[in-house]
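A short worksheet on the structure shown next.
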Amino acid sequence: MSPELIAIVAVGIMLAGIVLRGQRTLGDRIDGVEKSLNALMDRLEARMDGFQEELREIRDRLSRLEGKMDFLEGYIVRRNEHPGAPAE
């Protein structure tokens, strides 16, 4: 084999090694990003569950308040009604 051919083959092998190493490094980085995103999504889901529970509690409390307001409104309206004419 000629020295030129040996140099070409050596450069090809070196480039293949660089590409393979780069792919492996990139794959490791992608795995790291994926793990970070999964952890972030888990935390986000936990916070969303907490928000949903708080919203349920607020909705229940608001329903109780609405019921009390309806009762109070009915009481005030009946109290302020003028009595009808006396029956004969």
Side-chain angles (χ1 to χ4, degrees):
M1 285 205 308
S2 69
E4 293 86 11
L5 184 60
I6 293 173
I8 291 171
V9 170
V11 169
I13 292 172
M14 183 180 65
L15 286 175
I18 290 172
V19 168
L20 291 175
R21 184 174 180 179
Q23 285 180 340
R24 186 171 6 123
T25 302
L26 182 61
D28 292 343
R29 284 185 172 180
I30 289 173
D31 289 342
V33 169
E34 185 178 7
K35 287 177 185 177
S36 297
L37 283 175
N38 285 338
L40 179 63
M41 288 299 294
D42 290 343
R43 287 196 312 263
L44 183 60
E45 286 176 7
R47 288 185 72 182
M48 291 299 293
D49 290 343
F51 288 146
Q52 286 177 343
E53 182 60 33
E54 288 180 22
L55 282 174
R56 260 187 238 108
E57 290 176 15
I58 291 170
R59 186 180 61 226
D60 292 344
R61 292 175 70 187
L62 182 59
S63 295
R64 287 194 300 272
L65 281 174
E66 286 175 341
K68 289 178 181 181
M69 292 300 292
D70 289 342
F71 172 78
L72 186 59
E73 179 185 20
Y75 176 77
I76 291 171
V77 167
R78 281 191 302 267
R79 188 171 171 201
N80 292 331
E81 285 179 354
H82 297 290
E88 292 183 25

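If you read the sequence from its start, that first residue is 1, and numbering goes on from there.
- Put simply, CD on Glu66 and CZ on Arg59 are 11.5 Å apart, with the number rounded to the nearest 0.5 Å.
- Other residues, nucleotides and ligands contribute at most 12 non-hydrogen atoms within 6.0 Å of the CZ atom of Arg29.
- Separation of atoms NZ (Lys35) and CG (Asp31) is listed at 6.5 Å; rounding is to 0.5 Å.
- Annotation: side chain of Glu53 is not in contact with side chain of Asp49 (no heavy-atom distance under 4.5 Å).
- Leu37 CG to Asp42 CG: the interatomic distance, rounded to the nearest 0.5 Å, is 11.0 Å.
- The structure places CE of Met69 at 8.0 Å from CD1 of Ile76, a figure rounded to the nearest 0.5 Å.
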Does the pair Arg64 and Asp60 meet the rule for a side chain to side chain contact (heavy atoms under 4.5 Å, CB included), with working shown?
CA-CA 6 Å; Arg64 287 194 300 272; Asp60 292 344; 4.0 Å; yes
Audit row: Met48, Glu45, side chain to side chain contact (heavy atoms under 4.5 Å, CB included) steps and yes/no
CA-CA 5 Å; Met48 291 299 293; Glu45 286 176 7; 5.6 Å; no
